[in-house]
Amino acid sequence: MSRNDLHPPVDVLALLTEKADVENASWSFDCDGVVHGLSSRPRPKVFLRKNQPRNRWPFSAAHEFGHVMIPWHVENATCHVGRVGTRKYEVQANEFASRVLVPQRYLESLVGQAREPDEWLELLDRCEISAHASILALRRILPAGFLYVIEQANTPDVVVESVGTNLYAPNLITSHENLVRGSEHHGYSEFRGRDVRWYRYTKDENPVSPHDGRAAKSILEGVLERLGRSLSDGRDRKTSLAASIGGKLRNRGNLDAAQMYGIVVYHLSSDPEWADFLRDSEFRDYLGKRMHEMNRQQ
């Protein structure tokens, strides 16, 4: 989409009507848009539901535009873009819509204009799309360790995590206190008609220098000697810690040391067995050093 040099707010209806016949219609069934004739008509026909929320309409139009423009989308599609789709073509159309309405060049410019999650939202207001669609777009540039909760009136809250975070668990969704615990920073914003809570679980810089001469193993040995080698149930603390770190970072992908550190601290903070350890500066140095070692092994 960068070839079109799009700038928000994007006139997505103009883009769509260049490629398809568009009709606004009212209906009672549960979908926001329908596209017909992707492979059987000279120009596909797109139907958009009239009575959908104003903030969601641009994303609905851009989603159907995605179906029209992606070459391998050749079947008729009935879409409810307010939900997080799991079908491959729906996910692809959502991603296409996000990149049309929030162009990558504009999105990357936000990093230079602001540093805090609430400030990024203020800048995304220019795109004139829903809170959910805005945060899904923001997710494209966020490092691991960020989580947004979009509060809903009559349905479950919507959770959006940055790629690689893997912090969310269903039993945490209604508990602000649980989400705050372990976060480095958190806040609240009113954005596009929604109440949005956000949490950052990583520090701005690496927790310990990669040039620190000590090995993680030796740091941990000193901490265990001081604070205890066994959990309350008798299990070996060192073995339990290794299993916990390995499990949480098994699919770490390209996370850097600071991002991994934030994820591990978050998960350990939910376990009372590690409360005293997390208050210990040497133990945090161990975690930082261990993350650097794991990062070099990738």
Side-chain angles (χ1 to χ4, degrees), residues 1-110 123-142 150 152 155 158 160 163 191-194:
M1 297 311 300
S2 60
R3 295 194 305 269
N4 295 322
D5 198 26
L6 299 175
H7 301 278
V10 174
D11 186 354
V12 67
L13 184 60
L15 295 174
L16 181 57
T17 53
E18 284 184 9
K19 302 296 183 180
D21 298 324
V22 181
E23 180 179 335
N24 291 310
S26 298
W27 56 71
S28 58
F29 53 93
D30 189 21
C31 79
D32 297 317
V34 177
V35 59
H36 171 67
L38 286 171
S39 60
S40 61
R41 292 168 52 100
R43 279 172 61 89
K45 178 80 174 202
V46 171
F47 299 89
L48 296 171
R49 182 164 65 92
K50 278 184 179 179
N51 53 335
Q52 60 185 296
R54 181 175 60 86
N55 280 340
R56 195 160 74 203
W57 186 92
F59 197 86
S60 298
H63 177 98
E64 304 308 331
F65 184 44
H67 284 308
V68 170
M69 295 300 295
I70 298 173
W72 53 90
H73 288 209
V74 295
E75 301 174 357
N76 297 337
T78 301
C79 312
H80 191 306
V81 299
R83 297 176 184 160
V84 179
T86 56
R87 289 186 299 165
K88 179 175 68 174
Y89 285 4
E90 294 304 291
V91 171
Q92 290 172 353
N94 278 343
E95 177 69 13
F96 186 97
S98 177
R99 291 181 178 274
V100 168
L101 294 169
V102 188
Q104 189 68 17
R105 187 176 301 173
Y106 177 74
L107 191 59
E108 291 171 353
S109 75
L110 302 187
L123 293 169
L124 280 169
D125 188 61
R126 180 181 176 186
C127 298
E128 299 181 359
I129 56 178
S130 69
H132 190 190
S134 297
I135 294 170
L136 285 176
L138 185 60
R139 183 176 184 264
R140 302 202 311 259
I141 61 165
L142 287 177
I150 307 166
Q152 308 290 305
T155 58
V158 173
V160 178
V163 175
F191 178 67
R192 306 299 293 177
R194 296 290 183 187

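Here the structure is a predicted model, which means the values were calculated and not measured.
In plain terms, the two heavy atoms of Phe96 and Gly66 that are nearest each other are CD2-CA, 3.3 Å. Across all non-hydrogen atoms, the minimal contact from Leu107 to Ala137 is CD2-O, 3.1 Å. Between Gly33 and Trp27 the shortest heavy-atom distance is N-CZ2, 4.2 Å. Taking every heavy atom of both residues into account, Thr17 and Ala14 meet most closely at OG1-O, 3.2 Å.
Among His67, His63, His73, the one residue that satisfies the side chain to side chain donor-acceptor pair (under 3.5 Å) test with Gln92 is His73.
For the atom pair CD1 of Ile135 and CD1 of Ile150, the computed distance is 4.0 Å after rounding to the nearest 0.5 Å. Once rounded to the nearest 0.5 Å, the distance linking CD of Gln152 with NE2 of His132 reads 8.5 Å. Annotation: the span from Leu138 atom CG to Ser98 atom OG amounts to 9.5 Å, rounded to 0.5 Å.
Not a single salt bridge (Lys or Arg N to Asp or Glu O under 4.0 Å) links Glu128 to another residue, sequence neighbours left out. Partners of Glu95 under the side chain to side chain contact (heavy atoms under 4.5 Å, CB included) rule, at least two apart in sequence or in another chain, are Arg99, Arg140. Under the salt bridge (Lys or Arg N to Asp or Glu O under 4.0 Å) criterion, Asp21 pairs with Arg41, Arg43, sequence neighbours left out. The side-chain hydrogen bond (donor to acceptor under 3.5 Å, both in side chains) check on Lys50 picks up nothing, with sequence neighbours excluded. Partners of Arg126 according to the salt bridge (Lys or Arg N to Asp or Glu O under 4.0 Å) rule, which considers only residues two or more places apart in sequence or in another chain, do not exist here. By the side chain to side chain contact (heavy atoms under 4.5 Å, CB included) test, Ala61 is found to be paired with Val12, Leu16, Leu48, Trp57, residues two or more places apart in sequence or in another chain being considered.
Remark: side-chain polar atoms of Arg56 are not paired, donor with acceptor, to backbone N or O of Ser130 under 3.5 angstrom. Remark: the backbone N or O of Ile129 is paired with a side-chain donor or acceptor of Arg192 at under 3.5 angstrom.
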*Run the side chain to side chain contact (heavy atoms under 4.5 Å, CB included) check on Arg49 and Ser60 step by step: do they pass?*
CA-CA 9 Å; Arg49 182 164 65 92; Ser60 298; over 6 Å; no
*Could you go through the side chain to side chain contact (heavy atoms under 4.5 Å, CB included) check for Leu123 and Tyr106 one step at a time?*
CA-CA 10 Å; Leu123 293 169; Tyr106 177 74; 4.1 Å; yes
_Could you walk me through whether Leu101 and Cys127 satisfy the side chain to side chain contact (heavy atoms under 4.5 Å, CB included) test, starting with their C-alpha distance in whole Å, then the side-chain angles of each, then the deciding distance to 0.1 Å, before giving a yes or no?_
CA-CA 7 Å; Leu101 294 169; Cys127 298; 5.7 Å; no
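Ile141 has its side chain within reach of Gln104: a pair of non-hydrogen atoms, C-beta onward, lies under 4.5 Å apart. Contact of the Ser134 side chain with the Phe191 side chain is registered, since non-hydrogen atoms from C-beta on lie closer than 4.5 Å. Side-chain contact between Leu38 and Val68: present, with at least one pair of heavy atoms (C-beta onward) separated by less than 4.5 Å. Between Asn94 and Leu136 there is no side-chain heavy-atom pair separated by less than 4.5 Å.
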